[in-house]
Amino acid sequence: MNARDLGIVVGTLPVGVNNAITDVPGVMVGHHTLRDVDINTGVTAVLPHAGNLYRRKVLAASDVINGFGKSVGLMQVEELGSIETPILLTNTFGIGTCATALIRQAVAANPDIGRKTATVNPVVLECNDGPLSDIQALAVTEEHARLALADAKGGEVRQGNVGAGTGMSCFGFKGGIGTASRRLRLGGREHHLGVLVLSNFGRAGDLVLPDGRRPSPRAKAEAEKGSVIVVLATDVPMDGRQLRRVTRRCGAGLARLGAFWGHGSGDIALGFSTAVSLDHDETADFVSLKALNENRIDELFRAAAETTQEAVLNSMCAADAMRSRGTFRPSLADWLRGSGAKPD
């Protein structure tokens with residue numbers, strides 16, 4: 001179940017075949033979910049390509065919309081403009097464990113890491129699923145991270161209460177994993193831009209749908225203290241500055257939903273382009289990089305905003321209601337099918 005299945009259409013650009021980040025060729029997504037009494041958490045993996053990412057890095061950029069977060073690896077992404085491991089999403093206290101799993105995977109594939117060549121920069125992003133999951137249990141293990149990586153594949157992406165999204169909340173409703181994509185015609189051929197979100201943000205009552213409705217979860221509106229992670233992927237060739245500009249527009253999609261990036265919310269966008277690869281073992285003094293004509297960049301800005309907005313809505317529409325640890329999060333899909341009928 002996604003937003004379009006429930007009559008919610010976001011934007012005007014055409015969507016990809018799967019309406020998912022995996023519409024960008026080569027990108028894969030995997031999940032591992034943990035459900036056990038008070039444990040509702042997991043790991044989600046995003047792989048820019050199936051090869052050796054340490055040896056063939058991809059161009060990357062990040063935008064810290066509001067920095068109340070504990071992510072790993074963003075400092076080097078900002079400085080060097082590349083990603084050299086898969087991207088893992090998990091709960092706040094699973095960050096270190098997932099980073100260790102990525103380091104072990106990279107070292108196993110590249111035994112020279114840290115000895116004859118540089119160390120490796122694992123990228124792990126997080127949200128706090130504490131209201132619905134016992135975060136102090138430190139339930140996520142390295143094996144869970146490995147299982148999420150092993151599960152990665154292209155095609156349709158499972159959304160809602162899955163992987164890292166299992167215990168997340170959004171605007172007082174149940175949040176989770178969501179994704180969306182757009183097709184773009186550039187340079188005489190078709191390109192894609194896709195987004196995957198881990199939605200765990202927004203005050204109850206602040207959500208605004210594209211048609212103007214404001215769903216109410218009938219919950220107390222507390223201070224904004226969640227988080228949202230937006231992973232953007234594209235196969236459009238760009239330079240690092242352009243990619244950072246596009247990634248920044250993910251924030252526009254969040255704002256369209258009614259978010260204001262509150263003090264206690266860790267709102268992070270991370271973008272990469274599979275069209276630009278960086279060879280770890282490059283020996284040439286100069287390398288050629290293909291960039292986008294700046295006069296065409298507005299289409300990517302629009303795509304970033306639309307996909308982010310729709311991916312969040314998809315995360316909520318795909319998520320079943322959940323009650324755990326004395327907390328209840330209703331399903332947005334139930335609201336839309338019931339009291340959320342369109343006004344006359």
Side-chain angles (χ1 to χ4, degrees), residues 1-24 27-31 33 42 44 46 153-183 192-202 204 206-218 228-233 250 253-254 256-259 302-322 328-344:
M1 180 69 65
N2 59 38
R4 289 176 185 254
D5 294 331
L6 293 164
I8 300 175
V9 178
V10 174
T12 59
L13 295 174
V15 304
V17 172
N18 297 296
N19 196 17
I21 193 172
T22 50
D23 287 324
V24 178
V27 175
M28 302 185 294
V29 173
H31 303 290
T33 302
T44 293
V46 180
K153 52 186 173 293
E156 293 186 9
V157 175
R158 287 174 289 155
Q159 301 180 78
N161 300 351
V162 64
T166 304
M168 301 299 171
S169 306
C170 195
F171 290 104
F173 289 94
K174 184 66 186 65
I177 294 291
T179 190
S181 71
R182 295 294 183 267
R183 290 183 286 118
H192 289 83
L193 183 149
V195 153
L196 181 140
V197 303
L198 178 60
S199 68
N200 191 55
F201 71 108
D206 282 358
L207 177 62
V208 181
L209 300 181
D211 60 10
R213 285 179 292 168
R214 303 181 71 97
S216 172
R218 295 185 175 88
V228 58
I229 302 301
V230 185
V231 179
L232 178 149
C250 293
L254 301 177
R256 288 178 178 181
L257 293 159
R302 180 186 295 275
E306 286 189 10
T307 50
T308 301
Q309 182 184 13
E310 183 165 354
V312 171
L313 291 171
N314 284 342
S315 76
M316 299 171 73
C317 289
D320 293 329
M322 180 177 289
F328 177 69
R329 295 288 185 259
S331 162
L332 179 60
D334 290 343
W335 187 93
L336 290 167
R337 286 189 288 249
S339 61
K342 289 186 177 180
D344 294 333

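Atom set for the values below is all heavy atoms of this structure, side chains included, hydrogens, waters and symmetry mates excluded. Owing to the predicted nature of the structure, the values given are computational and were not obtained by experimental measurement. The chain is numbered in sequence order, starting from 1.
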With sequence neighbours left out, write down each residue that passes side-chain contact (heavy atoms from CB on, under 4.5 Å) with Ser216, or none if nothing qualifies.
Arg218

Cys250 SG to Ile229 CD1 distance, which is reported to the nearest 0.5 Å:
11.5 Å

What heavy-atom pair brings Cys317 and Ala333 nearest, and what distance separates the two atoms?
O-CB, 3.5 Å

Would you name the heavy atoms of Ala233 and Ile21 that are closest together and state the gap between them?
CB-CG1, 3.7 Å

Are any non-hydrogen side-chain atoms of Arg182 and Asn19 less than 4.5 angstrom apart?
yes

Is the side chain of Ser315 donor-acceptor paired with the backbone N or O of Gly160 at a distance under 3.5 Å, no angle test?
no

Taking atom CG of Leu313 and atom CD of Gln159, what is their separation to the nearest 0.5 Å?
11.0 Å

Spatial distance of atom CE (Met28) from atom NZ (Lys153) [nearest 0.5 Å]:
10.0 Å

Can you name the nearest heavy-atom pair linking Ser199 to Gly175, along with the distance?
OG-CA, 3.6 Å

Are Val29 and Ile177 close enough that some pair of their side-chain heavy atoms sits under 4.5 Å apart?
no

Can you name the side chain to side chain donor-acceptor pair (under 3.5 Å) partners of Asp23, sequence neighbours left out?
Asn18, Ser181

Sidechain-backbone polar pair: Thr44 side chain, Ala164 backbone, donor-acceptor under 3.5 Å:
yes

On a heavy-atom basis, the closest approach of Val197 and Thr308 is CG1-O, 4.4 Å

Could you go step by step and tell me if His31 and Val157 meet the side chain to side chain contact (heavy atoms under 4.5 Å, CB included) rule?
CA-CA 9 Å; His31 303 290; Val157 175; 4.1 Å; yes

For Arg214, which residues count as a salt bridge (Lys or Arg N to Asp or Glu O under 4.0 Å) partner, sequence neighbours excluded?
none

Can you check side chain to side chain contact (heavy atoms under 4.5 Å, CB included) on Leu336 and Leu209, steps first, answer last?
CA-CA 11 Å; Leu336 290 167; Leu209 300 181; 3.8 Å; yes

Under the salt bridge (Lys or Arg N to Asp or Glu O under 4.0 Å) test, residues paired with Arg329 that sit two or more places apart
none

The reported gap from CD in Gln309 to CG in Asn314 (rounded to nearest 0.5 angstrom) is 10.5 Å

Pairwise salt bridge (Lys or Arg N to Asp or Glu O under 4.0 Å) hits with a residue in residues 165-175, at least two apart
none

For the atom pair CE (Met168) and CE (Met316), what is the distance rounded to the nearest 0.5 Å?
14.0 Å

Check: Ala319 main-chain N/O paired with Ser331 side-chain donor or acceptor under 3.5 Å
yes

Quick one: side chains of residues 3-15, donor-acceptor pairs under 3.5 Å with protein atoms, not counting sequence neighbours, listed by atom name and distance.
| from | atom 1 | to | atom 2 | distance (Å) |
| --- | --- | --- | --- | --- |
| Arg4 | NE | Glu310 | OE2 | 2.6 |
| Arg4 | NH2 | Glu310 | OE1 | 3.1 |
| Asp5 | OD2 | Asn2 | N | 3.0 |

Considering all heavy atoms, the nearest Phe201-Leu257 contact
CZ-CD1, 4.3 Å

